[in-house]
Amino acid sequence: MPELPEVQTIVTTLHPQLRERLIQSTRMLRTDILQPPDVNLPALLQNRRIIEITRRGKKIVIRLDNLHQFFIHLGMTGRLTLESPAATEADLPRHTHLLINLDNGLQLRFHDPRRFGGVFWLGADGQADIAMGPEPLEMKTAELAEKLASTRRVIKSALLDQSLVAGLGNIYVDESLFQARIHPLTPANTLSRTQITALSRSIKQTLNRALKHKGSTLRDYRNSDGTSGDFQKLHRVYDRKGKPCPRCRTPIERIVIGGRSTHFCPNCQPSTIKSLAAATPPRRNRQ
DNA sequence: GTCCATGTTCTTTA
DNA sequence: CTAAAGAACATGGA
């Protein structure tokens with residue numbers, strides 16, 4: 001759920017509150033959210049000072065004074081919040097998995113009902129960005145072009161692949177493709193130079209607008225202080241099936257691509273492949 | 001009961 | 001062999 005704008009909002013909020021803080025104690029209420037499963041996280045964090053908290057793709061990376069680091073991934077429903085400690089553990093909200101008590105009397109909490117997220121210990125040598133593509137806000141158009149030329153997958157699926165570009169998810173891919181006027185089923189390696197230039201710009205603009213509004217809250221996402229994002233009000237296609245396109249009033253369509261719901265305007269985002277039907281002819285019986 | 005969900009990874013198929 | 005498509009993961013809300 002949380003994509004780059006949501007994760008960045010959390011990191012931006014948390015950084016000034018976490019930097020220089022001493023970790024006094026750590027409590028794991030569930031151990032199956034930790035990777036690798038055999039590390040003793042409470043022992044590794046005890047009396048360590050947090051140097052900084054940063055973002056890479058959708059990962060929240062925390063670096064300690066001994067140069068060890070770990071990251072938290074929020075998956076679909078994860079929350080990372082800073083609050084006053086509960087009187088007892090029974091008072092904690094259901095699905096709270098990790099508590100980190102700080103020397104300013106506050107408590108960092110990881111909460112995740114579906115548990116698609118988790119805590120990943122990297123230690124001194126682990127790298128947070130193995131198999132991750134460039135940061136979309138920093139990538140050059142040529143970089144995007146090179147990545148897209150290397151795959152025949154449809155553009156919607158390609159942009160969701162974190163090894164291609166890191167940080168985009170279902171919302172911002174749909175919104176970016178709409179702004180660039182690209183049909184989501186277009187094979188990535190058939191995009192024109194002009195389309196790639198437009199896409200590169202659209203991705204950055206979309207993410208920057210979302211950042212200004214502190215992300216999109218559809219259901220689960222909250223900032224670390226519990227507040228919601230605002231950007232869902234400005235979505236042009238995502239979750240707007242049947243509603244009029246803000247540009248041409250044609251009803252927004254919803255289709256499923258790679259198992260993910262995909263929203264687009266059939267008029268503003270025409271398929272450039274003249275006949276998608278002809279490109280994938282009806283299957284004939286073999287032999 | 002059904003379907004759907006802001007994500008990733010493992011398995012199967014081509 | 002590799003790339004791509006599909007299934008699986010776990011919970012809750014409509």
Side-chain angles (χ1 to χ4, degrees), chain A residues 1-10 30 32-33 35-37 55-60 71-80 93-97 110-120 128-133 136 147-177 184-189 206-207 209-211 213-223 228-242 254-263 279-281 283-284 286-287:
Chain A
M1 33 148 312
E3 306 180 30
L4 187 153
E6 290 78 27
V7 176
Q8 183 62 56
T9 298
I10 291 169
R30 265 197 99 102
D32 63 356
I33 51 123
Q35 282 289 334
R55 179 193 59 75
R56 175 71 174 101
K58 299 172 191 171
K59 297 173 179 171
I60 298 168
F71 71 85
I72 293 168
H73 197 293
L74 298 176
M76 290 278 261
T77 56
R79 285 185 192 172
L80 192 61
R94 216 169 128 72
H95 307 301
T96 300
H97 307 315
F110 175 58
H111 173 272
D112 184 15
R114 283 171 80 176
R115 303 205 304 282
F116 287 178
V119 179
F120 301 78
D129 67 353
I130 312 171
M132 297 189 81
K147 297 280 190 183
L148 294 180
S150 73
T151 181
R152 305 168 63 163
R153 282 182 299 170
V154 300
I155 187 64
K156 163 78 184 210
S157 303
L159 291 176
L160 285 175
D161 181 345
Q162 302 298 295
S163 69
L164 231 130
V165 177
L168 297 175
N170 214 27
I171 295 176
Y172 299 107
V173 167
D174 281 7
E175 293 296 316
S176 298
L177 288 174
L185 285 173
T186 313
N189 63 352
T206 302
L207 293 176
R209 290 179 64 228
L211 279 165
H213 292 267
K214 302 189 185 297
S216 306
T217 294
L218 295 179
R219 181 206 214 78
D220 299 294
Y221 165 69
R222 292 292 183 286
N223 193 357
S228 297
D230 230 7
F231 191 65
Q232 67 282 0
K233 295 173 189 162
L234 300 181
H235 289 177
R236 293 162 169 168
V237 290
Y238 188 84
D239 205 21
R240 291 178 46 79
K241 176 187 174 183
R254 175 188 179 276
I255 59 176
V256 174
I257 301 176
R260 311 301 303 279
S261 71
T262 300
H263 311 77
T280 53
R283 199 167 283 253
R284 316 192 112 218
R286 296 233 170 190
Q287 82 126 258

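Letters go in sequence order (proteins before strands), and every chain restarts at 1.
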Nearest of [options] to any side-chain atom of [X]?
X         : options                 : result
Arg219(A) : dG12(C), dA5(B), dG7(B) : dG12(C)
Arg94(A)  : dT8(B), dA5(B), dG12(C) : dG12(C)
Arg152(A) : dA5(B), dG7(B), dA4(C)  : dA4(C)
Lys58(A)  : dA4(C), dG12(C), dG7(B) : dG7(B)

Checklist entry - Dot-bracket, DNA chain B: Watson-Crick or G-U, under 3.5 angstrom, [ ] crossing, | other strand? => result .||||.||||||||
Euclidean distance, atom [atom1] of residue [X] to atom [atom2] of [N] [Å, nearest integer]:
X         : N       : atom1 : atom2 : answer
Arg114(A) : dG13(C) : CZ    : C1'   : 11 Å
Leu160(A) : dG6(C)  : CG    : C1'   : 15 Å
Arg260(A) : dG6(C)  : CZ    : P     : 14 Å

Checklist entry - NA contact type, Thr151(A), heavy-atom cut-off 4.0 Å: base, sugar-phosphate, or nothing? => result sugar-phosphate
Next on the checklist: So, applying salt bridge (charged side-chain N to carboxylate O under 4.0 Å, His left out) with Asp129(A), which one of Arg56(A), Lys58(A), Lys59(A) is it?
Outcome noted: Arg56(A)
Checklist entry - Under 3.5 Å, is there an N or O donor on one side and an acceptor on the other linking the side chain of Arg153(A) and the base of dA3(C)? => result no
Checklist entry - How far, in whole Å, is dC1(C) from dT9(B) if one measures between their P atoms? => result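 Comparing P positions in dT9(B) and dC1(C) gives a spacing of 23 Å.
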